[in-house]
Amino acid sequence: MSTASAPKLTRKDFVTDQDVRWCPGCGDYSILAQVQKVFPELGVPRENIVFISGIGCSSRFPYYMNTYGFHSIHGRAPAIATGLKVSRPDLMVWVVTGDGDGLSIGGNHLIHALRRNVDLKILLFNNRIYGLTKGQYSPTSELGKITKSTPLGSADHPLNPLLLALGADATFIARTIDVEAKHQQDIIRRAAEHKGSAFVEILQNCNVYNDGAFAALTDRETKADTQLVLEHGKPMIFGKNRDRGIRLNGLTPEVVTLGNGVSTADLLVHDEHDPVIAFLLSRMAPPEFPTPIGVLRVEQKPTFDALMNRQIEEAKAKFGEGDLEKLLHRGDVWTVP
Amino acid sequence: MSTASAPKLTRKDFVTDQDVRWCPGCGDYSILAQVQKVFPELGVPRENIVFISGIGCSSRFPYYMNTYGFHSIHGRAPAIATGLKVSRPDLMVWVVTGDGDGLSIGGNHLIHALRRNVDLKILLFNNRIYGLTKGQYSPTSELGKITKSTPLGSADHPLNPLLLALGADATFIARTIDVEAKHQQDIIRRAAEHKGSAFVEILQNCNVYNDGAFAALTDRETKADTQLVLEHGKPMIFGKNRDRGIRLNGLTPEVVTLGNGVSTADLLVHDEHDPVIAFLLSRMAPPEFPTPIGVLRVEQKPTFDALMNRQIEEAKAKFGEGDLEKLLHRGDVWTVP
Amino acid sequence: MATNPIGAPLQKPVQERESVVIRFAGDSGDGMQLTGMQFTTESVLAGNDIGTLPDFPAEIRAPAGTLYGVSAFQVNFSSKNVYTAGDDLDALVVMNPAALKTNLPDLKPNGILIYDTAEFTESNLKKAEYTQNPLEDGSLDKYQVYPVEITKITTLALKDLNLPNRSVMRCRNFFALGVVSWLFNRPIEPTQKWIKERFRRNPEVMEANLRALQAGYHYGENTEIFASSYEVKPAPIAPGTYRNITGNTATALGFLAAAYKAGLPLFLGSYPITPASDVLHELATFKNFNVYTFQAEDEIAGVGSALGAAFGGAIGITTTAGPGMNLKAETIGLAAAVELPLVITDIQRAGPSTGMPTKPEQADLLQALYGRHGEAPLPVIAAATPADCFYAAFEAVRIAVKYMTPVILLTDGYLANASEPWLLPAVSDLPEIKVEFRTDPHGFFPYLRDETTLARPWVRPGTPGLEHRIGGLEKDYLTGNISYAPLNHEQMVRVRYRKMAKITQDIPPTKIDGPDRGKLLVIGWGSTYGSIAAAVKEFQEQGKAVSHVHLRYLNPLPADLGGIIARFDKVLVPEMNMGQLLRVLRAEYLVDAVGLNKIQGRPFKVAEIAARIARMLEE
Amino acid sequence: MATNPIGAPLQKPVQERESVVIRFAGDSGDGMQLTGMQFTTESVLAGNDIGTLPDFPAEIRAPAGTLYGVSAFQVNFSSKNVYTAGDDLDALVVMNPAALKTNLPDLKPNGILIYDTAEFTESNLKKAEYTQNPLEDGSLDKYQVYPVEITKITTLALKDLNLPNRSVMRCRNFFALGVVSWLFNRPIEPTQKWIKERFRRNPEVMEANLRALQAGYHYGENTEIFASSYEVKPAPIAPGTYRNITGNTATALGFLAAAYKAGLPLFLGSYPITPASDVLHELATFKNFNVYTFQAEDEIAGVGSALGAAFGGAIGITTTAGPGMNLKAETIGLAAAVELPLVITDIQRAGPSTGMPTKPEQADLLQALYGRHGEAPLPVIAAATPADCFYAAFEAVRIAVKYMTPVILLTDGYLANASEPWLLPAVSDLPEIKVEFRTDPHGFFPYLRDETTLARPWVRPGTPGLEHRIGGLEKDYLTGNISYAPLNHEQMVRVRYRKMAKITQDIPPTKIDGPDRGKLLVIGWGSTYGSIAAAVKEFQEQGKAVSHVHLRYLNPLPADLGGIIARFDKVLVPEMNMGQLLRVLRAEYLVDAVGLNKIQGRPFKVAEIAARIARMLEE
Ligand SMILES: Cc1ncc(C[n+]2csc(CCOP(=O)(O)OP(=O)(O)O)c2C)c(N)n1
Ligand SMILES: Cc1ncc(C[n+]2csc(CCOP(=O)(O)OP(=O)(O)O)c2C)c(N)n1
Ligand code: SF4
Ligand code: SF4
Ligand SMILES: [Mg+2]
Ligand SMILES: [Mg+2]
């Protein structure tokens with residue numbers, strides 16, 4: 001990415017002239033605000049940034065970002081973004097998707113983008129519902145969810161986005177929450193900095209069709225007890241009084257209260273580079289556990305786009321810049337006088 | 001499944017009159033043989049068994065099984081099988097797929113069938129190549145693989161089928177090898193017995209387009225050193241002299257040699273019910289580790305088909321068997337005299 | 001002297017009208033859909049024939065007061081037969097300036113305009129992008145304008161209930177409904193009953209809404225503002241029991257009825273998409289009828305699961321809109337190759353691509369006919385009206401099962417949400433759907449065909465002795481084993497075509513609405529039925545030789561259609577597309593038919609079709 | 001006196017023939033494709049015009065000796081212009097009984113039949129499902145039968161090399177080629193050169209194959225078995241440099257050339273599928289030409305990635321066959337809506353569904369035209385011959401870029417694998433492809449159109465000041481912002497249609513092969529070119545007023561086509577489908593054209609078309 005002589009941008013530079021058409025009170029507003037806030041800091045010229053989305057409330061995002069944007073079709077954004085990033089490695093490419101767009105119809109493109117480690121920043125707005133189509137359950141809705149399409153409750157065990165990303169061997173996996181402005185900004189920044197596929201699940205309230213899905217996690221009263229804020233190299237502590245933590249019992253994590261012989265030293269220390277810790281974290285969920293937020297995993301691996309472009313450079317180095325006339329005449333040719 | 005008065009079947013009962021059209025020497029033959037061998041033992045009448053496949057060499061399997069069968073289209077077998085199993089819970093439904101069929105084009109249906117825990121037995125023949133289309137790389141081909149479509153080597157980090165299944169929270173995950181007749185039979189039997197989605201990766205040699213992909217794993221000379229045969233409740237030991245094992249160092253597995261102060265008691269004991277062990281095993285791969293084969297994970301969870309059918313039974317219990325005449329007249333009706 | 005529903009004698013004179021077209025318009029939060037539905041119920045119970053047209057905003061919940069957040073509901077009620085929701089409006093009720101701006105163009109000169117005075121604030125005018133106040137700049141001069149203090153009086157009426165302001169505001173629609181019910185002499189009991197039922201667990205809200213309704217009614221009666229009220233006499237309606245039904249509900253019931261008659265479970269594999277989702281929602285409530293509804297991970301899995309269920313012996317169906325149809329194409333081709341019964345429902349919306357998801361169009365016909373690779377002909381059936389969706393869905397299942405073939409059913413976003421009174425059929429009067437699964441192993445071949453239908457046998461897995469394999473590769477004509485034999489392939493392609501031709505034996509003689517020969521034949525299909533029928537009727541009443549044929553079967557076409565076409569001088573084909581049926585008819589009958597094409601995401605007005613008919617008669 | 005390639009004087013008399021059609025057939029392991037290719041090269045260097053037709057088994061490697069494992073390669077070489085690979089065979093070489101059984105029906109009476117004696121064992125006869133030995137039951141009586149001890153003599157010839165038997169068996173095809181090369185006076189140097197190059201790292205195998213070849217040649221010369229050899233004189237061929245090329249290679253080179261001329265990177269997003277995969281394989285070797293080849297996870301990602309690349313300013317293309325076309329439909333619709341250049345290549349194979357993947361068909365035309373929901377018209381271009389694939393691919397890119405539209409390119413499984421000599425064009429003679437990315441922010445609107453092409457501007461992300469958003473929702477006519485305005489939608493649908501119409505300005509006047517008016521016009525498209533051309537020529541040589549028009553542009557149709565059609569009494573449309581172009585022409589021109597339809601997974605024979613022409617001229 002050319003970051004050379006970028007003039008200093010401000011938040012307003014990333015705002016478009018389009019009316020934002022989400023429902024009043026939708027969690028998407030906050031996400032938009034945080035992204036617009038962080039972007040000037042990235043030092044990437046606006047014209048070198050592209051947002052690609054699928055279909056869903058979340059996927060309207062590109063219209064509101066004053067960068068290049070492509071609001072495509074349901075579930076296909078990672079595929080479109082892959083083609084763009086591979087052929088234009090100079091661009092910074094973001095994908096915005098929803099739990100339906102990215103995990104239901106688009107699940108396959110998502111896991112393939114992740115396993116290839118295409119240098120895409122993928123923001124998945126997880127509201128555990130289909131917003132745009134007015135309230136059917138999604139692959140992240142809890143078992144037994146009563147929605148328009150499941151009046152007797154859903155019979156599907158939900159997908160765990162972070163676990164799935166780990167299953168696809170993603171090199172950057174993180175989770176944040178719509179209303180946690182500061183935390184979200186940090187995660188967006190970290191994702192932007194990661195070289196490779198960055199997968200970020202953003203828990204997002206749909207106040208129309210799934211209001212309060214994350215209430216326990218965001219209520220000022222309870223959040224200290226329900227959020228486990230991850231910090232690399234730091235023990236896993238949470239709770240209003242910072243007196244609770246995660247300890248390993250064999251290979252099984254458990255919640256413990258500090259004191260009574262349990263000290264910080266007994267707690268699991270977060271290590272973004274340890275896949276087993278990422279695995280343990282991705283499976284921690286209420287009511288038994290707090291919900292981990294932060295960066296679960298970071299790994300460095302060559303990116304797909306870089307490898308693809310390296311092949312082109314190597315081929316040029318080896319065979320020279322292609323000469324069509326020569327190529328056409330290659331092989332068994334003959335001349336009729 | 002009605003297993004009541006099934007007459008005693010033999011291997012031959014499962015053989016069809018169709019010529020088997022795989023290449024001479026293909027690993028698929030052995031898989032077919034093991035399945036035909038095990039099936040009479042299952043005690044399920046032939047007519048209650050259905051094989052559904054996609055497209056690929058592997059997907060020709062149903063033609064050779066004298067049961068009901070459906071050779072469908074590329075990647076879609078799990079979806080078709082889900083519809084069948086949900087509406088016909090009395091049938092035993094098997095899915096046969098390949099690394100391309102099941103993990104490339106069909107990856108999404110696969111993970112959704114697994115996460116829903118549809119009671120399907122899924123056999124994925126992994127030859128790390130596209131056989132039927134004559135030799136392109138597949139999502140399980142190693143990075144840098146030179147094939148017809150990647151003359152300069154592939155740039156894709158491969159998918160790990162077992163890890164992906166774990167990422168989808170599958171309730172039964174196992175691996176076996178085409179030429180290990182006895183092991184394969186055991187695994188097929190275990191899969192058949194599992195109530196829920198059973199995912200079985202079968203490493204399979206494509207002797208035409210990817211010959212020897214698993215040579216180190218199957219060569220009589222080396223296999224004792226390269227296979228880690230899993231047994232529930234047993235320490236993880238391998239090696240020609242059964243003198244090597246897997247030990248945990250913190251959360252990181254390592255290969256150790258027994259003796260010199262290292263004893264069997266130090267080794268990791270396989271536990272099919274511990275997800276962390278399944279995670280560790282799914283990531284073990286040569287050259288650093290032996291290749292685990294056997295059942296990595298088993299969990300009991302209600303199946304999707306059972307939950308769906310329970311809803312119907314409950315609805316009938318609650319509202320009575322549907323009466324159409326009544327239903328049509330429900331709500332605001334009025335009569336014109 | 002008539003009495004009003006509250007029992008007091010009517011004070012004001014009553015003018016009689018043959019029919020009235022009214023539209024309620026407001027913010028999506030204003031409850032206009034509900035208001036419209038209740039007004040429809042009142043009209044139906046008043047004995048009128050009716051047609052309705054809801055118009056939702058594309059956004060879930062657009063910011064209040066914006067132009068794109070306007071939601072509207074139109075009702076046409078009449079003392080004669082009704083074919084459409086009406087062209088232009090006799091009356092318009094607007095809850096705010098945005099609703100005025102987007103709907104005023106449809107109001108007839110001298111039409112009735114009712115608006116809520118409180119909402120015409122400067123800020124609301126701005127949100128509606130008015131630079132001048134339309135109440136003041138003379139732009140409403142040509143209408144009968146009734147400023148009504150909807151907000152204010154509702155607030156007053158509910159004052160002593162001490163409700164939060166938000167709840168009070170939510171009652172304004174019932175006040176408006178009360179006013180309009182008085183104005184058009186509608187009975188408000190049905191609405192009172194509805195409110196009592198709906199809010200039975202919330203007595204305060206119940207009381208508030210009842211009061212608002214009544215207050216509105218009294219307002220009409222007592223204030224000086226309306227000089228008279230209007231009456232629309234009952235229409236001559238066939239006797240029987242009716243209900244008001246939308247196309248999507250009718251579609252769901254049609255499928256349910258077909259499975260019921262077939263005595264088989266119904267399996268719907270579907271993925272939500274506007275405007276099709278409601279069929280899924282509806283069927284999901286009928287589990288006690290042995291209905292499986294599976295919300296799949298995508299459209300491919302939706303149709304795939306339905307095909308799997310069909311293989312298992314259930315009535316397999318799938319529902320979607322255009323974008324989903326693309327994705328289902330490959331599986332539909334497989335279903336065609338394996339010859340299993342399956343109904344694929346496309347509830348068409350405006351394209352291409354995502355297009356205008358909430359707006360109707362008829363532009364998927366050619367896709368339905370040809371949108372698969374290879375030669376994969378399928379029956380295509382279209383519904384003409386909301387209630388007709390019931391019969392079309394039923395017929396689609398019947399054909400699928402009888403001929404062992406996938407069938408494509410077309411409706412559209414207009415039919416989906418519009419409603420009309422439906423004369424309920426007796427279940428025993430519905431056609432039989434006879435399914436005989438093959439159980440006899442003797443002489444069994446998977447592709448052995450029935451002579452009259454060319455259907456192959458349907459075998460339920462679980463049947464001993466009939467174990468067999470099917471698939472998408474070309475098959476031997478009899479055994480179904482894989483075959484690459486050149487002549488066998490040609491034979492198979494042709495037999496699949498011949499099977500389509502066989503279906504013509506199930507198509508009843510084409511109904512010609514009007515003389516069976518003459519100057520002009522108007523041919524339509526799908527949701528244009530009402531507009532065409534009404535337009536043609538105008539000319540027939542003038543004694544013109546104009547007729548109307550409305551096609552239910554788009555493939556195969558009725559055997560008698562060519563003969564009918566030949567008996568008319570000209571053929572007009574109005575479609576909400578660029579001329580898709582037109583192409584089919586031209587190719588099939590070499591007739592120089594012409595198209596009337598409207599692609600605006602909304603139905604034809606009767607007048608638009610009538611104008612074209614007039615021109616063609618003159619030419 | 002002619003000398004043979006080994007330098008010895010020819011001993012036997014030589015008969016001259018105008019042209020010969022020969023087929024090599026054997027097990028898939030027998031190297032018949034290679035033999036055929038080498039024989040082709042020899043013929044080309046002998047100065048003949050040629051046409052070839054490979055025929056692979058569907059199986060990867062079927063068990064030896066089975067009927068479904070037979071692989072064949074047919075060559076038509078001539079002293080006149082060649083249009084097809086030939087109808088019936090003048091000569092047939094079979095390596096085993098299965099090859100005899102499946103290929104004999106195509107051999108002309110009195111045709112030459114060469115077989116390997118050693119292979120007619122009881123077990124092989126059984127595998128070929130012969131109940132009687134055809135060598136003995138008189139069924140070969142009507143042919144010139146030459147039993148050749150191919151296996152035996154090859155074994156003898158290589159004896160002292162001490163190769164394993166398997167390797168020896170692998171040389172038999174070169175022995176057979178040697179025999180046939182002698183028989184038809186072909187130079188064997190090119191094959192010798194090829195063997196030397198191919199096996200340069202394996203001198204033993206090289207030597208073995210060279211010896212086998214030579215032994216075969218000597219066998220023809222020296223044994224008594226052939227009384228004479230045959231000669232086919234050079235054909236009158238335009239001067240220039242040639243290479244033999246298959247359709248798939250030509251397609252790959254056409255795309256490469258177009259991107260080269262445009263000065264842009266080429267991005268192919270594709271998913272393997274028969275018979276399209278070779279285009280991917282081929283392009284994957286051109287990375288030094290700035291070619292990106294991406295084997296995607298499925299067809300949807302294939303076309304999606306290509307569209308993403310096009311958005312980024314590359315030449316985006318995708319390649320597939322019928323089943324993949326279904327899956328790409330939704331993304332093609334998106335590309336149509338966002339108006340980005342993109343070429344979608346459908347290399348048609350026999351359907352429906354999986355069908356017969358290795359066999360050609362032309363049954364995806366209507367899908368190409370109409371296989372998307374909504375009104376999404378696209379240019380459709382078809383290639384007529386293997387070498388023509390180059391120009392068709394090039395033209396598809398040119399149109400896509402010039403008009404900012406996705407374009408569908410149709411070829412088929414026959415063109416894909418068949419080959420013909422190609423007169424190499426000079427790169428400088430290829431048409432210009434001018435791309436000007438918009439960079440000027442002044443007055444920029446994403447949907448502001450060029451007047452002559454109606455193309456919107458192509459903007460590369462990375463261009464400052466032109467940041468904008470596009471998408472699949474309906475867009476405002478100028479700004480491209482989302483718009484649900486009814487009249488705007490109609491305007492947009494119509495402008496997308498008008499853009500298609502504009503493309504007619506790029507279509508050259510239609511070439512009429514034959515008189516420009518007359519009794520019968522034969523209209524074709526795609527790979528039927530050769531058969532139609534040859535058949536029509538027969539009648540023209542008899543002075544009949546029969547002409548041939550072969551369409552490259554299926555949408556839009558050439559502006560002059562209607563006029564041409566009107567000048568003929570009758571129109572015949574031969575297609576390898578049930579009449580798809582036929583439907584289009586009938587609808588468009590109301591012409592009572594008739595179809596000649598063959599759907600057997602193989603090309604028309606010239607005679608089949610000629611017979612129909614004769615009948616139509618008589619009627
Ligand atoms: C091919 C296709 N299928 C279905 C739809 C309908 N559809 C649009 S968005 C959506 C789901 C949206 O859910 P999610 O991705 O969670 O986004 P949200 O609206 O909740 O942000 C669906 C089913 C579509 N537009 N295209
Ligand atoms: C929609 C579609 N795309 C592509 C193909 C072509 N195709 C058939 S099988 C296959 C891949 C086979 O690979 P795998 O699943 O690994 O099976 P194998 O042949 O190796 O057993 C492909 C790409 C197809 N039949 N249908
Ligand atoms: S429906 Fe839900 S997710 Fe969509 S805009 Fe409204 S609140 Fe947000
Ligand atoms: S190509 Fe490979 S996988 Fe396919 S049948 Fe042959 S050996 Fe087996
Ligand atoms: Mg969502
Ligand atoms: Mg494979």
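Naming convention: chains lettered A, B, ... in sequence-line order (proteins, then strands); numbering from 1 in each chain.
Looking at Ser483(C), the atoms closer than 4.5 Å to chain D (heavy atoms on both sides) all sit in the backbone: N, CA, C or O. Heavy-atom distances place both the backbone and the side chain of Asn597(C) under 4.5 Å from chain D. Using a 4.5 Å cut-off between heavy atoms, Met325(D) does not touch chain C at all. Heavy-atom distances place both the backbone and the side chain of Glu375(C) under 4.5 Å from chain D.
Proximity of a side-chain donor or acceptor of Glu474(C) to a complementary backbone N or O of Met356(D) within less than 3.5 Å is not detected. Asp364(C) places a side-chain N or O within donor-acceptor distance of the main-chain N or O of Gly374(D), the cut-off being under 3.5 Å. The closest donor-acceptor contact from the side chain of Gln600(C) to the backbone of Leu487(D) lies at 3.5 Å or more, if one exists at all. For the pair His373(D) (side chain) and Pro352(C) (backbone), a donor-acceptor distance under 3.5 Å is absent.
Between chain D and the options Gly472(C), Ala329(C), Gly351(C), Ala363(C), heavy-atom pairs under 4.5 Å are most frequent for Gly472(C). The greatest number of non-hydrogen atom pairs below 4.5 Å with chain D, out of Glu361(C), His489(C), Arg602(C), Lys359(C), is found for His489(C).
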Test salt bridge (Lys or Arg N to Asp or Glu O under 4.0 Å) applied to Glu588(D) and Arg586(C), step by step: CA-CA 8 Å; Glu588(D) 199 68 36; Arg586(C) 288 174 62 94; over 6 Å; no

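A pairwise comparison of heavy atoms in Leu590(D) and Val591(C) identifies CD2-O, 3.6 Å as the closest pair.
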